[in-house]
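Below is one structure, written out as structure tokens; comments come after it.
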Number of protein chains: 2
Amino acid sequence: MAKSVTLPPIVMPTREEITVEGVLRALADPVRLAIVRQLAASGTEVSCGALTVPVTKSTITHHLSILRQAGVVAGRQEGTTRFNSLRRNDLDALFPGLLDGVLAAQR
Amino acid sequence: MAKSVTLPPIVMPTREEITVEGVLRALADPVRLAIVRQLAASGTEVSCGALTVPVTKSTITHHLSILRQAGVVAGRQEGTTRFNSLRRNDLDALFPGLLDGVLAAQR
DNA sequence: CGACAATTTCGATCGGCGTCGTACAATGAG
DNA sequence: CTCATTGTACGACGCCGATCGAAATTGTCG
């Protein structure tokens with residue numbers, strides 16, 4: 001029957017919908033900051049399980065959801081795996097220097 | 001007896017003590033973001049009472065305390081008035097582009 | 001089909017933070 | 001000295017969010 005509609009559609013704001021406060025709130029957490037740093041370091045897509053942060057998988061899911069809703073990361077589904085990547089282009093276009101400033105800081 | 005030790009010494013981290021996460025947490029609040037924007041717009045020192053944000057004076061004091069502890073603003077006492085200013089130099093030196101990126105955003 | 005792997009969802013808990021009102025301290029003017 | 005001004009300290013309250021464990025969903029492999 002057509003399809004069991006249970007797939008979460010991966011909500012993601014358009015570039016215009018991203019707000020600086022949302023981005024700041026998303027980045028203002030040590031775990032999420034670590035996630036963003038790992039995504040930036042890898043330079044490519046990273047699966048949820050490949051992230052090394054000191055929290056449970058379910059908590060990682062929660063943080064990724066927040067990062068996605070804030071427009072910081074993009075998600076792509078492939079099989080049972082979800083690949084995440086930084087929305088560098090959009091962020092740099094909207095808030096030039098912000099992401100670089102955050103990533104450049106080692107403390 | 002000597003002196004009634006009641007003057008709060010205005011704690012303020014040195015440049016080396018400022019962390020990016022602390023700054024992000026400090027900026028991740030609409031009221032504090034508005035305060036920072038007003039300080040940046042004025043370009044100079046602003047007294048606590050001259051800030052126009054939709055909260056009580058005591059709440060403003062609280063937010064300014066957080067911004068000060070995070071190293072985002074500097075405070076200078078003069079009589080009963082406390083002048084606050086943005087620590088642009090330090091922030092730009094530590095996280096180049098961060099503050100500009102935040103301030104440039106209109107959303 | 002059945003077992004396993006990758007993630008999400010759900011419900012619950014628990015601490016932290018933003019907010020307020022009031023009381024209090026410090027300073028300057030009359 | 002008294003009073004007004006400016007700001008802080010303190011206690012309280014309510015809410016949001018970070019965290020976890022367990023169960024459910026989906027896809028892959030044998």
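Lettering follows sequence order; numbering is per chain, from 1. Keep in mind that the numbers below use all heavy atoms, side chains included, and drop hydrogens, waters and symmetry copies.
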Original post:
Counting side-chain heavy atoms from CB outward, which of C/dT8, D/dG7, D/dT5 is closest to A/T61?
Top reply: C/dT8
Please tabulate, for side-chain N and O atoms in residues 18-26 of chain A, each donor-acceptor pair with protein atoms closer than 3.5 Å (sequence neighbours left out).
residue, atom, partner, partner atom, Å
A/T19, OG1, A/G22, N, 3.0
A/R25, NH1, B/A28, O, 2.8

Original post:
How many angstroms lie between CG in A/L98 and CG in B/L99, if you round to the nearest 0.5 Å?
Top reply: 9.5 Å
Original post:
SG/A/C48 to NE2/A/H63 distance, rounded to the nearest 0.5 angstrom?
Top reply: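 Between A/C48 SG and A/H63 NE2, I get 11.0 Å after rounding to 0.5 Å.
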Listed pairs, N/O of protein and of nucleotides 1-3 of chain C, under 3.5 Å:
none

Using whole Å, report how far [atom1] of [X] lies from [atom2] of [N].
{"X": "A/F83", "N": "D/dG27", "atom1": "CZ", "atom2": "C1'", "result": "13 Å"}
{"X": "A/E21", "N": "C/dG18", "atom1": "CD", "atom2": "C1'", "result": "13 Å"}
{"X": "B/L33", "N": "C/dG18", "atom1": "CG", "atom2": "C1'", "result": "15 Å"}
{"X": "A/E45", "N": "C/dT7", "atom1": "CD", "atom2": "P", "result": "13 Å"}
{"X": "B/E78", "N": "C/dA26", "atom1": "CD", "atom2": "P", "result": "18 Å"}
{"X": "B/Q77", "N": "C/dG28", "atom1": "CD", "atom2": "C1'", "result": "14 Å"}
{"X": "B/L64", "N": "D/dA9", "atom1": "CG", "atom2": "P", "result": "12 Å"}

Subject >> Positive for side chain to side chain contact (heavy atoms under 4.5 Å, CB included) with B/L86, one of B/V36, B/T44, B/L67 >> reply: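 Filter result, single survivor: B/V36.
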**OP:** Indicate yes or no for a side-chain donor-acceptor contact from B/E17 to the backbone of B/T14 under 3.5 Å, with no hydrogens or angles considered.
**Re:**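 Yes; judged by distance alone, with no hydrogens or angles, the pair exists.
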**OP:** Only pairs at least two apart or in different chains count here, so list each salt bridge (charged side-chain N to carboxylate O under 4.0 Å, His left out) that has a residue in residues 51-71 of chain B.
**Re:** none
Polar pairs (N or O, both sides) under 3.5 Å between protein and nucleotides 17-20 of chain D?
residue, atom, partner, partner atom, Å
D/dA18, OP1, A/R32, NH1, 3.3
D/dA18, OP1, A/R32, NH2, 2.9
D/dA18, OP2, A/R32, NH1, 3.2
D/dT19, OP2, A/H63, NE2, 2.2
D/dC20, OP2, A/T56, N, 2.8
D/dC20, OP2, A/T56, OG1, 3.0
D/dC20, OP2, A/T59, OG1, 3.2
D/dC20, O5', A/T56, OG1, 3.0

Original post:
Under 4.0 angstrom, heavy atoms only, what part of the nucleic acid is B/R68 near: base, sugar-phosphate, or nothing?
Top reply: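 Sugar-phosphate contact only - B/R68 comes under 4.0 Å of backbone atoms but never of a base.
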**OP:** Remember a base hit wins even if backbone is also touched, and classify A/S47 as base, sugar-phosphate or nothing at under 4.0 Å, heavy atoms.
**Re:**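 Sugar-phosphate contact only.
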Contacts table for residues 90-97 of chain B: side-chain donor-acceptor under 3.5 angstrom, sequence neighbours left out:
residue, atom, partner, partner atom, Å
B/D90, OD1, B/R15, NE, 2.7
B/D90, OD1, B/R15, NH2, 2.8
B/D90, OD2, B/R87, NE, 3.0
B/D90, OD2, B/R87, NH2, 2.9

**OP:** Identify, with sequence neighbours excluded, every residue that meets side chain to side chain contact (heavy atoms under 4.5 Å, CB included) alongside B/T80.
**Re:** none
Subject >> Heavy-atom pair with the smallest gap, counting every atom of A/V53 and A/A34 >> reply: CG1-CB, 3.9 Å
**OP:** Taking only the side-chain nitrogens and oxygens of A/R82, find out if one of them lies under 4.0 Å from OP1 or OP2 of C/dA6.
**Re:** no
